[in-house]
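Note on naming: letters A, B, ... go to the chains in the order of the sequence lines (proteins, then strands), and numbering restarts at 1 for each one.
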2 protein chains.
Amino acid sequence: MKDNILEVYGMEAAAFKALGHPTRLFIAHQLGKRDTCVCELTAMVGDDISTVSKHLSVLRAAGIVDSVRKGNQIIYRLKLRCVLNMSVCAKFGKGK
Amino acid sequence: MKDNILEVYGMEAAAFKALGHPTRLFIAHQLGKRDTCVCELTAMVGDDISTVSKHLSVLRAAGIVDSVRKGNQIIYRLKLRCVLNMSVCAKFGKGK
DNA sequence: CATCTATTTGGCTATTTGGCAGAATAGAGG
DNA sequence: CCTCTATTCTGCCAAATAGCCAAATAGATG
């Protein structure tokens with residue numbers, strides 16, 4: 001059954017996993033408001049820029065964000081916008 | 001800013017993280033259909049029972065499931081039912 | 001109380017992750 | 001072509017995770 005589980009739930013689980021880190025979840029929400037460059041996200045998050053870049057590549061690999069070059073900076077945008085709705089659920093947590 | 005991110009997104013991220021494993025996501029969906037004992041989940045998943053038990057404790061720690069004893073077995077139920085809706089989003093993945 | 005069954009817990013190992021610092025890269029602009 | 005800036009990549013380390021097996025536990029039941 002294991003292969004089957006991986007087949008059915010693998011990609012979906014990967015998306016959850018990508019969002020399963022406070023910094024990455026914050027980034028997703030921030031990008032939900034407006035497209036933002038790495039440098040600005042770095043300033044907001046407060047981690048090393050290499051760390052933020054790595055978080056972004058995790059989000060991109062999961063298909064949650066993508067990016068585009070603008071001048072000499074890379075602008076990230078939220079590609080899978082519905083993650084914003086997903087969030088509402090967990091937010092009310094134990095409640096409902 | 002880091003403390004603030006943790007404060008705002010920490011618990012929510014933990015819920016995503018808990019669902020970020022194919023086996024645990026499968027279990028959540030299965031429990032969405034009906035309450036189930038560890039033994040039966042183990043049979044469905046095909047991992048060692050101790051592994052399944054650990055997955056269940058991760059889900060419980062995140063507030064996603066809870067359990068109740070019935071006879072000599074422990075029945076798990078989906079406590080945070082809205083995770084079933086969350087799933088729909090990721091499922092259509094890159095699409096929307 | 002002794003035992004049986006279902007589950008959890010405690011190692012243990014291999015792998016993955018998160019973070020930083022520093023090197024490498026890619027365009028922009030002189 | 002040189003340099004500057006923004007970003008990504010590579011090593012490195014500490015910590016967390018997934019999985020198995022074996023031991024411990026908790027009720028159920030004789």
Intermediate values then yes/no, ring-ring contact (aromatic ring centres under 6.0 Å, His included), B:His21 and A:Phe16: CA-CA 8 Å; B:His21 187 289; A:Phe16 281 125; over 10 Å; no
Side-chain N,O (B:His21) to OP1/OP2 (C:dT17) below 4.0 Å: no
A:His55 side chain near C:dT17 phosphate (N/O to OP1/OP2, under 4.0 Å): no
Test log, rule side chain to side chain contact (heavy atoms under 4.5 Å, CB included), inputs A:Thr51 and A:Asp48: CA-CA 5 Å; A:Thr51 301; A:Asp48 191 273; 3.8 Å; yes
Sugar-phosphate, base or nothing in reach of B:Lys17, heavy atoms under 4.0 Å: sugar-phosphate
Test log, rule side chain to side chain contact (heavy atoms under 4.5 Å, CB included), inputs A:Ile64 and A:Lys79: CA-CA 5 Å; A:Ile64 292 168; A:Lys79 186 177 168 192; over 6 Å; no
Which side-chain N or O atoms in residues 35-47 of chain B pair as donor and acceptor under 3.5 Å with protein atoms at least two apart or in another chain?
{"residue": "B:Thr36", "atom": "OG1", "partner": "B:Arg34", "partner atom": "O", "Å": "2.8"}
{"residue": "B:Glu40", "atom": "OE2", "partner": "B:Arg34", "partner atom": "NH1", "Å": "3.4"}
{"residue": "B:Glu40", "atom": "OE2", "partner": "B:Arg34", "partner atom": "NH2", "Å": "2.6"}
{"residue": "B:Thr42", "atom": "OG1", "partner": "B:Val38", "partner atom": "O", "Å": "2.8"}
{"residue": "B:Asp47", "atom": "OD1", "partner": "A:Lys2", "partner atom": "NZ", "Å": "2.7"}
{"residue": "B:Asp47", "atom": "OD2", "partner": "A:Lys2", "partner atom": "NZ", "Å": "3.3"}

Do any N or O atoms of the protein come closer than 3.5 Å to N or O atoms of nucleotides 5-8 of chain C, and which pairs are they?
{"residue": "C:dA6", "atom": "O4'", "partner": "B:Asn72", "partner atom": "O", "Å": "3.1"}
{"residue": "C:dT7", "atom": "OP1", "partner": "B:Val38", "partner atom": "N", "Å": "3.2"}
{"residue": "C:dT7", "atom": "OP1", "partner": "B:Ile74", "partner atom": "N", "Å": "3.2"}
{"residue": "C:dT7", "atom": "OP1", "partner": "B:Ile74", "partner atom": "O", "Å": "3.4"}
{"residue": "C:dT7", "atom": "OP2", "partner": "B:Cys39", "partner atom": "N", "Å": "2.8"}
{"residue": "C:dT8", "atom": "OP1", "partner": "B:Tyr76", "partner atom": "OH", "Å": "2.7"}
{"residue": "C:dT8", "atom": "OP2", "partner": "B:Ser53", "partner atom": "OG", "Å": "2.7"}
{"residue": "C:dT8", "atom": "O5'", "partner": "B:Ser53", "partner atom": "OG", "Å": "3.4"}

Leading and trailing nucleotides of DNA chain D with any atom under 4.0 Å from heavy atoms of chain B: D:dT17 to D:dA28
A:Gly71 or A:Gly20, whichever maps to the more 5' nucleotide of DNA chain C: A:Gly20
No-hydrogen, no-angle side-chain donor-acceptor test under 3.5 Å, A:Arg77 and A:Ser67: no
Residues B:Leu84, B:Leu78; criterion side chain to side chain contact (heavy atoms under 4.5 Å, CB included); working and verdict: CA-CA 10 Å; B:Leu84 299 176; B:Leu78 185 61; 3.8 Å; yes
Integer-rounded Å distance: C:dG18 P and A:Leu25 CG: 13 Å
B:Asp48 CG to C:dC12 P, straight-line distance once rounded to whole Å: 18 Å
Check: A:Ala18 main-chain N/O paired with A:Arg24 side-chain donor or acceptor under 3.5 Å: yes
B:Val83, B:Leu31, B:Ile27 screened by side chain to side chain contact (heavy atoms under 4.5 Å, CB included) with B:Val65, the one that passes: B:Leu31
